[in-house]
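Encoded as structure tokens, the structure appears first; notes follow it.
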Protein chains: 2
Amino acid sequence: MKRQVTMKDIAKEAGVSIATVSMICNNKDKNISEATRTRILELIAKRGYVPNVMARSLVTKKTKTIGLIIPDITNPFFPEIARGAEDMASKSGYSVIYCNTDDKIKRQDNYIKILTEKMVDGIIFAHSAEKAEADFNKFRIPIVLIDRDSKADNVVGRVLVDNEAASMAGVSYLIQQGYKKIAYIAGSMKTKTAQDRLAGYRRALMEHGMPYDLKWVKKGSYRSQWGYDAIQEFEKESLSFDAIFCGNDLIAIGAIKALKEKGIYVPKDVGILGFDDVYLAQMTTPPLTTIRQPKYEMGYRAAELLIDVIEKEKKQEEKKERIILDTELVIRQSTK
Amino acid sequence: MKRQVTMKDIAKEAGVSIATVSMICNNKDKNISEATRTRILELIAKRGYVPNVMARSLVTKKTKTIGLIIPDITNPFFPEIARGAEDMASKSGYSVIYCNTDDKIKRQDNYIKILTEKMVDGIIFAHSAEKAEADFNKFRIPIVLIDRDSKADNVVGRVLVDNEAASMAGVSYLIQQGYKKIAYIAGSMKTKTAQDRLAGYRRALMEHGMPYDLKWVKKGSYRSQWGYDAIQEFEKESLSFDAIFCGNDLIAIGAIKALKEKGIYVPKDVGILGFDDVYLAQMTTPPLTTIRQPKYEMGYRAAELLIDVIEKEKKQEEKKERIILDTELVIRQSTK
DNA sequence: TACTATTAGTTAAACGTTTAACTTAAGGTA
DNA sequence: TACCTTAAGTTAAACGTTTAACTAATAGTA
């Protein structure tokens with residue numbers, strides 16, 4: 001591979017100093033004559049010069065790169081978030097390094113270390129709450145939380161959804177539709193979202209004067225296999241229900257599959273309510289009634305917020321934005 | 001934010017030279033006494049020193065970062081690939097920057113430029129063939145192609161699937177099941193995959209002495225809306241068929257939806273064969289018969305190959321690996 | 001004329017590492 | 001004793017930029 005063309009080469013060939021070339025590249029050209037400016041620019045194009053970002057970053061301490069730490073890109077909830085973040089980032093000239101943690105603290109810590117070393121300018125983070133509260137002090141860079149809240153106060157912002165209110169609205173809808181015995185299959189309780197959704201489920205029941213009983217809630221993970229398995233558990237305990245609120249759409253899909261195998265039909269025999277409205281949700285039979293989260297927007301706004309902080313170099317203290325995005329109950333055919 | 005702790009700080013505090021610290025950090029410590037070694041290591045831990053990768057990269061010309069250029073992470077075919085690549089990369093201490101091109105040449109070129117500037121050590125690339133052949137000469141870094149082949153000869157490797165053979169096997173299966181009039185809804189003809197799958201469809205028909213007629217093939221995009229629309233087009237032309245081979249699972253799902261709305265049932269009235277075996281495929285009603293691609297493995301192997309080239313600094317000429325992964329016909333319930 | 005401003009640059013230090021070449025002291029060998 | 005080897009470092013250049021501080025020449029002004 002041929003050697004990279006450097007500023008030095010350009011400067012030498014043009015008979016100017018390196019600083020002149022640098023200034024032209026960075027549009028700090030108030031003190032450069034139009035003639036030299038175009039001459040240098042042409043030379044740059046001709047020689048195919050591209051600036052070395054390493055060298056630049058070394059002095060500016062900005063890498064124009066952000067990190068995106070999520071549990072698993074393979075979970076259909078996350079690609080849209082990632083896409084939103086990437087679209088916004090690239091619009092502002094940033095690249096994004098993505099990291100899958102599987103909600104494992106160890107992987108999470110490792111990525112934090114790596115991203116710190118790589119000197120990313122900031123991080124978008126859907127963190128696991130496995131340890132009571134993540135230690136964000138490890139970060140010396142701005143971080144914005146998505147999807148999952150945390151009490152940690154050294155983050156510059158959050159882009160969330162009101163999981164409790166959304167769940168409450170969803171379960172209330174179920175109640176209004178006449179469902180009497182509503183079970184809840186929760187996702188991983190390691191996440192704040194699962195805790196909030198449980199709280200919403202509970203509040204909906206209470207406010208409608210219906211009993212809240214932990215017998216009717218199963219706690220597991222956010223995978224469709226868990227939805228499938230949870231149904232078996234309910235059956236073992238011979239618990240009967242006429243509707244199930246599921247922690248996310250994947251769980252809902254697994255549950256529907258299990259019910260179908262037992263000859264129980266949705267929504268005829270039991271109603272199913274999902275959460276997220278992933279792409280899949282409209283493709284299943286029956287299409288899922290679910291609570292939509294604006295996933296793309298979540299990623300987009302998070303990147304926007306983060307980049308804003310980075311560029312303004314706001315102190316973390318200054319302004320901690322908390323953006324709450326709207327959810328929407330999407331009524332399809334898994335409920336009557 | 002506090003200043004980064006540097007090697008200089010460590011060296012000064014320990015009363016050694018910077019070079020000593022550097023050598024210890026990089027395990028080039030043959031000439032370092034065990035005593036100093038542990039002393040420095042302890043100091044590093046105590047002060048929380050992390051090396052500045054920018055500075056290092058500036059001299060070594062390695063960033064331990066690779067790029068992943070794909071059309072769209074939101075397309076369920078790609079997350080698994082991305083995950084495979086990321087898993088392998090992080091195992092070897094590499095990070096991955098991901099880029100969505102939407103198969104737009106302009107975005108593609110832009111990312112190539114950015115990744116070059118950021119000095120990634122290599123690129124994994126699912127490229128669009130919109131322009132006859134992509135100009136990989138823009139790259140001064142190793143690149144491995146995934147999913148879509150190209151005649152370009154300045155790539156260090158490819159990880160592919162034999163789309164033609166796989167399609168031929170799939171369509172042959174359809175024929176063996178007794179289907180007589182098999183249509184094909186193709187994805188974007190900008191991609192080599194779509195072209196190869198068409199070739200396979202054609203060969204299957206020909207080798208079984210069945211007529212190949214372009215009336216029965218519709219060319220569009222890899223989105224489920226296209227599958228839906230293609231059915232309307234067939235109807236307008238009042239073409240009848242008893243099976244459809246779809247360019248991917250998304251198309252298949254869209255087609256099934258359109259058929260269902262017209263009261264045509266799968267597989268009773270028409271059989272449907274998909275491609276990819278995305279997660280969705282087993283969740284739909286009916287679950288899709290489809291040709292599975294080893295997506296995770298594709299990403300994993302591509303990263304493995306790329307990193308191998310990077311670390312060995314093989315010349316591009318030396319060894320151009322072409323890895324062909326096995327596909328598998330997964331028979332579910334969308335065919336009889 | 002003497003002074004100030006403006007234009008169009010240049011100089012050189014700094015960013016935090018890596019690494020080839022050198023040094024110095026102690027120990028071994030003939 | 002004189003010479004060689006080895007261990008345990010040190011020195012200094014290099015990587016490719018950015019940027020604050022400086023300069024030199026010309027134009028404008030009182």
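Note: hydrogens, waters and symmetry copies are ignored here, and every other heavy atom, side chains too, is used. Labels below follow one simple rule: chain letters A, B, ... track the order of the sequence lines, proteins then strands, and each chain is numbered from 1.
Here B:N26 reaches the OP1 or OP2 of C:dT18: one of its side-chain N or O atoms lies under 4.0 Å away. For the OP1/OP2 pair of D:dT19 and a distance below 4.0 Å, the side-chain nitrogens and oxygens of A:K28 include at least one atom meeting the criterion. Proximity of A:T60 to the phosphate of D:dT17: no side-chain N or O atom is located under 4.0 Å from OP1 or OP2. When the side-chain nitrogen and oxygen atoms of B:S22 are compared with OP1 and OP2 of C:dT18, one or more of them lie within a distance under 4.0 Å.
Residues A:T65 and A:K118 have side chains that never bring a donor and an acceptor to within less than 3.5 angstrom of each other. Using modelled atom types, one finds a donor on one side chain and an acceptor on the other under 3.5 Å when comparing A:Y222 with A:T193. Side-chain N/O atoms of B:T191 and B:S188 include no donor and acceptor closer than 3.5 Å.
When each of A:V120, A:I124, A:I73, A:N100 is checked for a side chain to side chain contact (heavy atoms under 4.5 Å, CB included) with A:L68, only A:I124 meets the rule.
Taking the nucleotide of DNA chain D with the nearest heavy atom to each of B:S33 and A:A19, the more 5' of the two is matched to B:S33.
Atom CD of B:E117 is separated from atom P of D:dG16 by 15 Å (rounded to the nearest Å). The nearest whole Å value for the distance from the CE atom in A:M54 to the P atom in D:dT17 is 12 Å. A straight line from CD1 of A:I24 to P of D:dG16 spans 20 Å, rounded to a whole angstrom. Across the protein-nucleic acid pair, B:K8 atom NZ and D:dT11 atom C1' stand 14 Å apart, rounded to whole Å. As a whole-Å value, the separation of A:K118 NZ from C:dT17 P is 15 Å. Regarding A:K62, its NZ atom lies at a distance of 17 Å from the C1' atom of D:dT17, rounded to whole Å. Straight-line distance from the CD atom of A:E34 to the P atom of C:dT7: 14 Å, rounded to whole Å. Rounded to a whole Å, the CE atom of A:M7 is 8 Å from the C1' atom of D:dG16.
A:K61 comes within contact range of the sugar-phosphate backbone alone, with a heavy-atom separation under 4.0 Å but no base atom that close. Within the 4.0 angstrom heavy-atom criterion, base atoms lie near A:N31. The residue B:T36 sits close only to the backbone: its heavy atoms come under 4.0 Å of sugar-phosphate atoms, none of a base. In this structure, B:V16 reaches the sugar-phosphate backbone alone: every heavy-atom distance under 4.0 Å involves primed, P, OP1 or OP2 atoms, never a base.
Under 4.0 Å is where a charged nitrogen must lie from a carboxylate oxygen, and between A:E80 and A:R83 no such pair does.
Here D:dT18 is the nucleotide among D:dG9, C:dT17, D:dT18 with the atom lying nearest to any side-chain atom of A:I18. Of the listed nucleotides (D:dG16, D:dT10, C:dT17), D:dT10 has the atom at the smallest distance from the side chain of B:S17. Side chain of A:M23, nearest nucleotide from C:dT10, C:dG16, D:dT18: C:dT10. Checking C:dT10, C:dC15, D:dG9 against the side-chain heavy atoms of B:I32 singles out D:dG9 as nearest.
The minimum heavy-atom distance linking B:I307 with B:A89 is given by the pair CD1-CA, 3.8 Å.
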